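These figures come from a predicted structure and were not determined experimentally. All residue numbers in this chain count up from 1 along the given sequence.
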Amino acid sequence: MSGEDGSKVEWKTPEREQRPVSGWRVSGVLAGALIIFTFFVVGTWAQLQRREKNLSPAGSTQPRELGKAEINIVNTGLIELDTRAEDEKAEQRKRLHGYGWVDRDAGVVHIPIERAIERVVEQRRDGGGR
């Protein structure tokens, strides 16, 4: 840098202290920080416990219906273990492709869908109504 009169001013870096940093001081600072951190963690935990106690004075309780697969309209079961949809589809396929009673007292049965379609086509071809 130059001054106002045109002369150069040289800046020197200040000399460093040659004393080494004390290991005990560093350890003391770290230990103090750890103690303060622990104090705040324990204080926060205690505060959360008090707040939880105030919010649910009867203690923590689990819902009574927790073991059921479905509560109201909410499916609470695990998705990969829920086979109700596949079971229902299998039952529908069985009914669609098999014989069985609809109303035994009235004598109403159901027949496989392929056979029912064939019968309807035959009746239409022969000029029958229903």
Side-chain angles (χ1 to χ4, degrees):
M1 287 192 102
S2 45
E4 289 182 22
D5 59 355
S7 63
K8 289 189 173 186
V9 177
E10 237 179 86
W11 295 96
K12 291 187 178 180
T13 307
E15 294 291 324
R16 292 186 179 184
E17 266 189 57
Q18 297 300 324
R19 288 187 311 160
V21 177
S22 171
W24 288 106
R25 283 187 182 173
V26 172
S27 299
V29 169
L30 289 176
L34 185 60
I35 289 170
I36 292 171
F37 177 75
T38 303
F39 171 75
F40 280 113
V41 167
V42 169
T44 304
W45 178 79
Q47 184 180 16
L48 287 174
Q49 293 300 315
R50 282 192 306 270
R51 180 176 286 176
E52 184 177 337
K53 192 175 188 180
N54 289 337
L55 291 176
S56 60
S60 62
T61 59
Q62 291 184 348
R64 287 178 275 156
E65 299 177 343
L66 193 59
K68 291 186 178 180
E70 192 169 307
I71 300 174
N72 293 335
I73 60 170
V74 179
N75 185 358
T76 60
L78 295 175
I79 293 173
E80 61 267 6
L81 298 179
D82 191 3
T83 60
R84 290 179 293 165
E86 288 82 14
D87 295 343
E88 187 174 340
K89 284 181 186 177
E91 186 64 35
Q92 289 172 350
R93 276 192 216 98
K94 180 180 171 186
R95 184 176 172 110
L96 191 62
H97 298 291
Y99 294 92
W101 289 103
V102 174
D103 186 356
R104 185 170 265 180
D105 295 334
V108 180
V109 296
H110 67 85
I111 61 175
I113 187 72
E114 296 86 10
R115 180 68 185 121
I117 292 172
E118 289 171 6
R119 287 190 64 187
V120 168
V121 170
E122 287 174 10
Q123 287 176 358
R124 298 286 175 170
R125 205 176 319 156
D126 295 341
R130 194 177 139 111

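- Val102 belongs to a hydrophobic cluster whose remaining members, ordered by chain and number, are Val108; membership requires side-chain heavy atoms of ILVMFWY residues under 4.5 Å apart, directly or through intermediates.
- To the nearest 0.5 Å, atoms CD (Glu15) and NZ (Lys12) are separated by 9.0 Å.
- Among residues two or more places apart in sequence or in another chain, the side-chain contact (heavy atoms from CB on, under 4.5 Å) test is passed with Ile117 by Ile113, Val121.
- For residues 86-100, there are no salt bridge (charged side-chain N to carboxylate O under 4.0 Å, His left out) pairs, not counting sequence neighbours.
- Applying the side chain to side chain donor-acceptor pair (under 3.5 Å) test to residues at least two apart or on different chains, none of the pairs has a partner in residues 20-47.
- Among residues at least two apart or in separate chains, side chain to side chain donor-acceptor pair (under 3.5 Å) pairs with a member in residues 101-121 are His97-Glu114.
- Across Glu52, Lys53, Arg51, a single residue satisfies side-chain contact (heavy atoms from CB on, under 4.5 Å) together with Leu55, and that is Arg51.
- Checked against side-chain contact (heavy atoms from CB on, under 4.5 Å), Val26 has the following partners two or more places apart in sequence or in another chain: Val21, Leu30.
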